[in-house]
Amino acid sequence: MSKLVVVDHPMIQHKLSILRDKNTGSREFRALVKEIGMLMVYEITRDLPLEEIEIETPVTKTRAKVLAGKKLAVVPILRAGLGMVDGILELIPAAKVGHIGLYRDPETLKPVEYFCKLPQDVEEREFLVVDPMLATGGSAEAAIQLLKDRGAKNIRLVCLVGCPEGVKMVQEAHPDVDVYLAALDEKLNDHGYIVPGLGDAGDRIFGTK
Ligand code: PRP
Ligand code: URA
């Protein structure tokens with residue numbers, strides 16, 4: 001079974017509380033999603049491997065550590081996942097960005113695919129699939145499957161708010177994919193919204209209804 005990690009850094013928790021508040025407007029909401037995305041990935045990438053190279057400082061030759069191993073790619077699930085990308089790219093400017101377009105049918109709550117564009121070297125990359133919300137888990141499960149169908153072998157899922165139902169679905173379908181959340185909320189309501197949650201992430205980021 002994969003790992004579930006709740007990244008409960010105080011800065012992340014503070015920003016998440018403002019994000020949840022229904023009085024937080026789109027501009028601040030967008031900024032917070034970006035910041036929390038960056039802070040989460042900063043924590044999550046603690047385990048990236050390093051290698052030593054030789055460099056020359058203005059004073060002397062020395063050996064210094066640089067990132068080694070697989071190159072990263074960020075894959076937002078459209079639309080709301082887009083809100084997390086810029087913050088992550090500030091941290092990892094060399095990362096490639098793939099896009100997977102899925103929306104949740106309001107009746108069935110099942111994900112419907114409408115777009116998929118990934119980096120060419122899928123098998124060589126470590127993927128961070130990002131989406132603010134992990135509700136039923138259907139969208140994340142489908143996005144991960146799409147990546148695997150195209151050859152991805154190394155995938156982590158990074159969401160801001162999740163619930164037990166979504167975590168269970170992803171972990172059962174993809175026991176090799178670790179799940180990272182800023183908060184594990186209580187449950188889903190009858191409309192498939194996370195409780196207490198933060199409402200509709202895409203609408204709040206983009207100011208739509
Ligand atoms: C939201 C959210 C996730 C999905 C989560 O997207 O951003 O992608 O729902 O729900 P699930 O776990 O039950 O699949 P939505 O379908 O509303 O599309 P949007 O990002 O375009 O607003
Ligand atoms: N999608 C959202 O944006 N919010 C939820 O609570 C559930 C799905």
Side-chain angles (χ1 to χ4, degrees), residues 2 4 6 15-37 40-41 74-88 97-118 127-148 155-174 177-209:
S2 66
L4 167 64
V6 178
K15 289 174 190 289
L16 184 61
S17 299
I18 304 171
L19 197 69
R20 288 183 189 277
D21 189 328
K22 69 175 184 183
N23 295 313
T24 299
S26 273
R27 188 201 295 206
E28 194 179 2
F29 193 92
R30 260 199 303 275
L32 287 162
V33 169
K34 175 180 164 183
E35 288 167 15
I36 298 171
M40 284 187 76
V41 171
V74 186
V75 180
I77 302 178
L78 307 181
R79 290 174 306 166
L82 281 176
M84 296 169 69
V85 173
D86 285 353
I88 297 171
V97 183
H99 294 88
I100 293 181
L102 295 171
Y103 70 86
R104 209 167 68 142
D105 184 295
E107 300 295 322
T108 64
L109 300 182
K110 298 269 182 272
V112 182
E113 181 191 336
Y114 61 90
F115 190 77
C116 181
K117 183 84 182 170
L118 300 174
F127 284 90
L128 298 175
V129 174
V130 302
D131 191 327
M133 308 308 281
L134 179 63
T136 64
S139 303
E141 190 281 314
I144 293 165
Q145 191 58 53
L146 260 163
L147 276 172
K148 286 185 174 175
I155 305 170
R156 308 192 212 194
L157 175 66
V158 186
C159 301
L160 306 191
V161 180
C163 60
E165 295 88 332
V167 172
K168 181 168 185 280
M169 179 176 210
V170 171
Q171 287 191 318
E172 282 181 4
H174 302 291
V177 174
D178 290 338
V179 179
Y180 298 87
L181 302 174
L184 179 63
D185 278 11
E186 193 189 327
K187 60 176 182 185
L188 283 180
N189 70 14
D190 293 342
H191 304 288
Y193 275 81
I194 298 175
V195 180
L198 50 72
D200 189 306
D203 282 346
R204 293 192 69 186
I205 290 171
F206 295 110
T208 51
K209 255 276 169 270

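This chain uses plain numbering: 1 for the first residue, then up along the sequence. Values in this document were obtained by computation on a predicted structure and should not be read as measured data. First listed ligand is number 1; within each ligand, the first listed atom is number 1.
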**Student:** Does some side-chain heavy atom of H99 sit less than 4.5 Å from a side-chain heavy atom of L82?
**Tutor:** yes
**Student:** Are R79 and T208 linked by a side-chain donor-acceptor pair shorter than 3.5 Å?
**Tutor:** yes
**Student:** Have a look at L157 and tell me which of L4, V130, L134, D178 forms a side chain to side chain contact (heavy atoms under 4.5 Å, CB included) with it.
**Tutor:** L134
**Student:** In Å, rounded to the nearest 0.5 Å, how long is the span from CD1 of I100 to SG of C116?
**Tutor:** 4.5 Å
**Student:** Within the 4.5 Å heavy-atom criterion, are P132 and M84 side-chain neighbours or not?
**Tutor:**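 Heavy-atom side-chain distance check passes, below 4.5 Å.
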**Student:** Anything with a heavy atom under 4.0 Å from ligand 2 counts, so go ahead and list those protein residues by chain and number.
**Tutor:** R104, M133, A135, G192, Y193, I194, G199, D200, A201
**Student:** Please check if the side chain of E186 supplies one atom and the backbone of V195 the other of a donor-acceptor pair under 3.5 Å.
**Tutor:** no
**Student:** Could you pull out every protein residue that has a heavy atom closer than 4.0 Å to ligand 1, ordered by chain and then number?
**Tutor:** L78, R79, A80, Y103, R104, D131, M133, L134, A135, T136, G137, G138, S139, D200, G202
**Student:** Strictly distance-based, threshold 3.5 Å: is any side-chain N or O of R204 a donor or acceptor partner for the main-chain N or O of F29?
**Tutor:**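 Side chain of R204 to backbone of F29: no pair is present.
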**Student:** Is the shortest heavy-atom distance from the side chain of L181 to the side chain of V167 under 4.5 Å?
**Tutor:**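 A side-chain contact under 4.5 Å exists here.
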**Student:** Spell out, as yes or no, whether a donor-acceptor pair under 3.5 Å connects the side chain of R104 to the backbone of G192.
**Tutor:**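 Indeed, once roles are kept as given, a pair shorter than 3.5 Å links the two residues.
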